[in-house]
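Labels below follow one simple rule: chain letters A, B, ... track the order of the sequence lines, proteins then strands, and each chain is numbered from 1.
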Number of protein chains: 2
Amino acid sequence: MTEPLHPETEDMALAQVLAALGDETRLAIVGMLARGAGEPMTCSRFLHLGSKTGLSYHLAKLREAGLVRVRPEGTKRLISLRKADLDERFPGLLDSLMTADGSEQQA
Amino acid sequence: MTEPLHPETEDMALAQVLAALGDETRLAIVGMLARGAGEPMTCSRFLHLGSKTGLSYHLAKLREAGLVRVRPEGTKRLISLRKADLDERFPGLLDSLMTADGSEQQA
DNA sequence: TCAATTGTTCAACAAATTTTGAACAAAGGT
DNA sequence: ACCTTTGTTCAAAATTTGTTGAACAATTGA
């Protein structure tokens, strides 16, 4: 099992980030992480959103786009939102997304 | 030829908007419109981005997501960014996207 | 009326994405 | 050593997305 690869902050591509977010499952994952006050979550926290295999796939998409960081910790993987990096690369984007996402939850 | 359909502002779905933007061609179209100071553009203005048919497809995606308004004018179609509607529905999103897109152009 | 301009629609195709299940890998606990 | 937990990898199948070219529709101008 090889170390998970993450793009450098400056290598994040806008279209790739938006494509990664343009999926209900992945948007829900990011929403949970954003509401989680920066605390990393294990993959199993997202199991209600899909199958084990499906989540592995979606989390890889998010990681490759630069949205999340994955840190192996024993047999688990700790997933965290790359908030500081995203704010640096795309100022204001994450905040506006979370505001928008929050207003959708109500409806 | 039936009138183009547009979602109401409150019916715009975040994931659909992001999916529409998660494509280089469509992101380029929106970028041009955003830099165009609100002036509507005809489809032919985007011809350097792809074929006539392809643009028709991509513009429909943008229209269905709520990003652009399409107004038939004679034999042409005037395309405009729904900036006010987007700012109302997703405050700050468009601005952060255009800032980010601008900073990508340089690289 | 005829031709040119502007853009859409359709069907076929190609390509990328997503889902599924089985098998595997690494670490921890007993 | 064995079993459990946690998550990945692989290949196949299903689905969605994007592209192409031919035909069409509406408007404009000569």
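- Each of B/S56 and A/Y57 was assigned the nucleotide of DNA chain C with the nearest heavy atom; the assignment lying further toward the 5' end belongs to B/S56.
- Side-chain N/O atoms of A/S44 and A/T42 include a donor and acceptor closer than 3.5 Å.
- Put simply, CD on B/E3 is 14 Å from C1' on D/dT27, counting in whole angstrom units.
- Across A/V68, A/L67, A/T9, a single residue satisfies side-chain contact (heavy atoms from CB on, under 4.5 Å) together with A/R82, and that is A/T9.
- The main-chain N or O of B/A20 is found under 3.5 Å from a side-chain atom of B/R26 such that the two form a donor-acceptor pair.
- What separates CG of B/L59 from C1' of D/dT17 is a distance of 16 Å, to the nearest Å.
- Checking the phosphate oxygens (OP1, OP2) of C/dG21, no side-chain nitrogen or oxygen of A/T53 falls inside 4.0 Å.
- Distance A/L62 CG to D/dT8 P: 12 Å, rounded to the nearest Å.
- Contact annotation for A/R45: no contact, since no heavy-atom pair falls under 4.0 Å across all strands.
- Computed from coordinates, the B/L78 CG to C/dT6 P distance equals 13 Å when rounded to whole Å.
- In this model, the phosphate group of C/dT18 is not approached by any side-chain N or O of A/T25 to a distance below 4.0 Å at OP1 or OP2.
- For the pair A/K61 and A/G74, nearest-nucleotide mapping onto DNA chain C gives the more 5' position to A/K61.
- Taking only side-chain atoms of B/D23, from C-beta outward, the nucleotide of D/dG7, D/dG18, C/dT19 with the closest atom is D/dG18.
- A distance of 8.0 Å separates OG of B/S51 from NE2 of B/H58, quoted to the nearest 0.5 Å.
- Within a 6.0 Å sphere centred on NZ of B/K83, heavy atoms belonging to other residues, nucleotides or ligands number more than 12.
- Taking atom CD of B/E64 as the reference point, atom C1' of C/dT8 lies 13 Å away to the nearest angstrom.
- An OP1 or OP2 oxygen of C/dA26 is reached within less than 4.0 angstrom by no side-chain nitrogen or oxygen of A/R77.
- Separating the CG atom of A/L47 from the C1' atom of D/dT5 is a distance of 12 Å, rounded to the nearest angstrom.
- Rounded to whole Å, the distance from CD on B/E73 to P on C/dG7 is 12 Å.
- Among the nucleotides C/dA27, D/dA26, C/dG7, the one closest to any side-chain atom of A/T75 is C/dA27.
- Among D/dT8, C/dT17, D/dT20, the nucleotide with an atom closest to any side-chain atom of A/K52 is D/dT8.
- Picking from D/dT9, C/dT19, C/dG7 the nucleotide with the shortest atom distance to the side chain of A/H58 gives C/dT19.
- As judged by a 4.0 angstrom heavy-atom cut-off over every strand, A/K76 is placed among residues touching the sugar-phosphate backbone only.
- The distance between atom CD1 of B/I79 and atom C1' of C/dT8, rounded to the nearest whole Å, is 12 Å.
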